[in-house]
J.: 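The following block contains the structure, expressed as structure tokens.
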Amino acid sequence: METTRILIIDDEPDFTALLKANLEEVGNFEVREINDSSQALNAALEFHPELCIIDVVMPGMDGGDVVAQFRAEPALKDTAILMLTALVEENPDTSDGETQTGGLPFVSKTSEFGTILSCIEKHLEEHRAATDKEEPARPVETWDLG
Amino acid sequence: MLAVKPDLPATTGPRTGALPLAAGAVILAGTLWLVAGDGGTPSRVVAGTGVLAAAAILAGRQARPLSNDGSAAGRLAELNRELEAQLHQTTDEHRALDHYFEMLMANVPANIYFKDTDSHFLRVNQSMAAWVGVEHPRDLVGKSDHDLFGKEHADAALADEMKIVETGQSIKGLVERENFPDGKIGWVLTNKMPFRDREGRIIGTFGMSSDVSELVDAKHDLERERNMLRSLIDAFPDKIFARDLERHYLIVNKSMAEWVGAKSKEEMIGKTPGDYFPDLVVRAGKAEDTRMIETGEPVLHREWDLELKPGDLRHFITTKVPLRDAGGKMWGIVGMDRDVTDQRRAQEKAVQAERRMQEMIDNSPAVIAMKDLQGRFLMVNRGFEDLFGLDRKDILGFTDHEIIADKAAAKKFREHDMMVAERGQSLQMDEELFVDNVPHTYMSVKFPLRDLDGEIKAVGTIATDITDRKAAERAIHRMNEDLMKANEDLKRAQEQLIQAEKMESVGRLAAGVAHEVKNPLAMIGMGIELLARRVPADDTQAQDTVERMKRGIDRAKKIVKGLVDYSSARQLSMEPRDLAEVIGDAITLVEYPLKEARVKLITDLPDDLPAVNVDATKLEQVLVNLMINAMHAMPDGGTLTVRAFGSTLSGIRRDEGVRTAGHLREGDRVVRIEVDDTGSGIDEAHMSKLFDPFFTTKATGTGTGLGLAVCRKIVELHNGMLELENRPEGGVRAAITLKA
């Protein structure tokens with residue numbers, strides 16, 4: 001079974017290291033962590049991840065900037081993205097606690113690892129299905145957390 | 001001054017004829033009159049002249065030769081008869097003369113004596129004998145003055161008499177002070193003359209002396225009186241003068257002389273006013289004198305001004321009266337000028353001072369009055385007249401009771417006056433008086449007025465209308481109360497503002513803290529996840545440890561979630577909703593835990609509640625929170641009542657902490673949701689902190705202390721109110737008020 005490449009972009013090395021360890025331990029993932037958001041684009045272009053896990057609040061470029069950069073890059077515009085941030089809580093209205101805002105899935109960073117994992121798997125599946133149908137990319141929307 | 005000049009000739013022997021007798025009688029009578037009479041000076045002069053004339057006649061007679069013409073025997077016989085007849089006649093005449101002389105000697109109340117050249121008495125009269133205290137004039141014959149009087153007097157008399165004998169010169173009209181034989185001291189008038197025989201030889205002296213003590217004393221009295229009068233008029237500050245009809249000064253006093261600048265009083269005698277006064281004054285005075293002479297009318301108290309010294313205008317009052325002789329004929333004018341400048345100035349000053357005082361009193365807005373001890377008005381000012389609408393003539397002499405309609409006030413005024421009179425001290429008080437049926441307040445000062453002896457004779461009152469001031473005081477008092485209330489409101493508002501500001505700050509802080517705390521929480525969570533997989537299944541202690549750590553993370557996450565709720569509850573998606581439905585949804589969420597906690601649920605939700613604009617999800621969150629809180633307040637079970645009803649808002653206190661335009665206002669239509677429990681209620685000490693973030697009474701780990709803060713935040717975002725209060729019957733009521 002082919003490993004799935006996941007790129008984590010977060011300024012917190014301790015967190016990324018632990019997430020990477022957990023992911024690689026429980027699933028067939030190849031995880032790369034980027035703690036400097038300005039390196040995110042190059043890393044993604046080089047690494048070709050299937051899914052990017054992006055933090056929102058980061059020094060310099062924040063998560064939104066990174067997403068916009070990716071969306072502007074044809075090679076990356078269809079890459080699945082999961083926003084993992086401490087800004088949101090688990091959504092009680094969804095089974096996996098995910099919140100859809102501005103066309104992006106937001107998952108609370110403090111969710112249990114299992115919850116995060118299931119969200120990752122869900123989006124990988126969705127992405128694979130979409131890629132198969134060659135769905136056009138959704139337009140970039142600005143989002144606001146009020 | 002005695003005008004006695006009886007140049008008595010020597011009466012040396014008998015004389016014939018009636019003329020000498022008559023002359024003798026005149027001399028005698030005149031002398032007697034002079035000695036004893038009490039007439040004035042002119043009549044004395046007349047008497048003296050008579051005596052003189054009679055003496056002259058006697059002297060003439062003496063020089064006349066006797067008639068001596070007979071020739072024959074018959075003629076001789078005839079002559080003899082004639083002679084005899086003549087002798088008889090002469091003898092008769094002589095005898096008559098002797099009789100006159102004897103009568104004179106015996107009865108004249110003056111001492112008459114004759115002495116020889118050695119000053120021994122030849123003969124004295126009865127009066128003289130009586131005077132020196134011998135029975136008969138005979139007893140003195142041959143005696144001298146040294147036998148009768150003291151040596152001093154006797155020597156002096158002897159010397160006088162020797163001189164007369166030597167020179168033939170009379171001593172006339174000598175007035176001497178003498179010790180009388182009876183011991184009294186008096187004045188004696190003495191005339192001593194040479195006693196000559198028929199041939200004219202001096203054979204002694206004779207004299208006559210009489211007691212003129214009364215006369216001399218009277219004269220002295222007169223002189224004293226005159227001197228006294230003179231010093232009196234000189235002592236007078238008034239200018240006194242007497243003038244004849246030609247205006248010559250006859251008498252002036254010292255003051256008069258000094259006034260006109262004369263060197264002395266004497267200088268002025270004989271001068272006229274023209275010598276001292278300005279023309280104008282002289283002319284006016286002369287005209288006035290002329291009128292007086294014509295009419296005989298006196299001038300009384302004529303006032304006039306005179307500027308004798310330049311710049312020194314003086315004011316005078318003049319009185320002039322006519323001087324008349326015994327016959328009533330006017331012969332002069334006596335007058336008096338009085339300088340009244342100082343009195344006049346003092347008077348003017350006094351008048352002016354009184355006028356000023358009256359003006360001040362009258363123009364004072366105060367009510368001023370003075371009453372005697374019987375309460376009768378002695379003085380009032382215009383303010384008093386105006387107050388009672390009476391003229392002072394209708395006030396003075398009357399009492400308070402007679403002029404004040406308000407009997408109670410009049411009684412009080414009188415009592416206060418009497419209090420002042422009795423205590424002798426001033427009194428200050430507020431007095432009430434109805435003026436035109438409007439109550440007025442006067443600030444009155446009453447004080448005793450004393451006479452020169454210090455006796456209280458009147459009571460003065462000065463009253464000021466302080467009605468306006470009183471009203472102002474009351475207004476200020478009210479204003480002060482309002483201000484204090486406003487101040488309290490402001491303070492409360494400020495507290496609310498501070499509280500609101502605190503909430504805002506806490507909210508902003510919470511959001512930041514939440515994010516920063518969640519990151520390490522996430523990391524720890526990840527770490528525990530990783531480690532948990534490495535714990536052997538049989539190591540139960542390690543398994544438990546992992547679970548405990550997870551619970552700790554959950555707790556921290558919950559707190560952070562509350563903070564985020566609190567800080568992120570800033571936007572609501574509002575839509576009109578039926579509150580009964582929203583409440584119903586919320587109840588569904590707590591029905592099970594309530595049942596578990598043995599809490600009975602009662603709902604009172606009418607169907608006709610008005611639709612309310614709400615964020616249903618957030619409001620549900622609030623309601624659930626309130627119901628769970630209520631449930632926790634009843635650990636041993638109880639009853640939870642949820643009701644809702646429409647009403648109109650009243651009696652709310654404006655909450656300055658609410659800064660939204662849509663906040664609730666008095667009279668708004670509202671829907672009220674009440675959640676009542678039957679628990680133990682809220683400690684009063686905790687009331688003010690209920691909505692503070694992190695305030696909790698629950699055991700650590702049981703509550704986050706954010707529930708109510710978030711609830712209130714949500715309700716306030718709805719422009720509503722969330723209130724908690726202890727119910728009188730026990731338990732707590734949480735009430736949400738929302739604008740309908």
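Order of the sequence lines fixes the chain letters, A, B, ..., with proteins taken first and strands second; residue numbering starts at 1 for each chain.
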J.: Working to the nearest 0.5 angstrom, can you tell me the gap between A:Glu112 CD and B:Ile553 CD1?
T.: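 It is 8.5 Å, given to the nearest 0.5 Å.
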J.: How far does CD1 of B:Ile528 sit from CZ of A:Phe113, to the nearest 0.5 angstrom?
T.: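 Going from CD1 on B:Ile528 over to CZ on A:Phe113, the span is 14.0 Å.
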J.: How close do B:Met526 and A:Phe15 get, counting heavy atoms only, and between which atoms?
T.: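 B:Met526 and A:Phe15 have their closest heavy atoms at CG-CE1, 3.5 Å.
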J.: So do the side chains of A:Val26 and B:Arg533 get within less than 4.5 Å of each other, counting heavy atoms only?
T.: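 A:Val26 vs B:Arg533: side chains touch.
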J.: Looking only at heavy atoms, what is the nearest atom pair of A:Thr110 and B:Lys557, with distance?
T.: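 That closest heavy-atom pairing would be O-NZ, 2.6 Å.
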J.: Going by residue number, which parts of residues 119-126 of chain A are within reach of chain B, meaning a heavy-atom gap below 4.5 Å?
T.: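 So no residue qualifies.
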J.: Any Lys/Arg nitrogen of B:Arg534 or A:Glu25 sitting under 4.0 Å from an Asp/Glu carboxylate oxygen of the other?
T.: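 Answer for the salt bridge query: yes.
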J.: So, for A:Glu12 and B:Asn519, which heavy atoms are closest and what is the spacing to 0.1 Å?
T.: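 Nearest heavy atoms, A:Glu12 then B:Asn519: OE1-CB, 4.0 Å.
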J.: Given that the side chain runs from C-beta out, which part of A:Ile116 has a heavy atom under 4.5 Å from chain B: side chain, backbone, both or neither?
T.: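 For A:Ile116, the side chain is the part near chain B, not the backbone.
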J.: Is A:Ser108 in contact with chain B via its backbone, its side chain, both, or neither, using a 4.5 Å heavy-atom distance?
T.: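 For A:Ser108, the contact with chain B is made by the side chain alone.
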J.: Using atom types as modelled and distance alone, determine if a side-chain donor or acceptor of A:Lys109 lies under 3.5 Å from a backbone N or O of B:Pro520.
T.: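 No, the answer is negative, given that no donor and acceptor are paired below the 3.5 Å cut-off.
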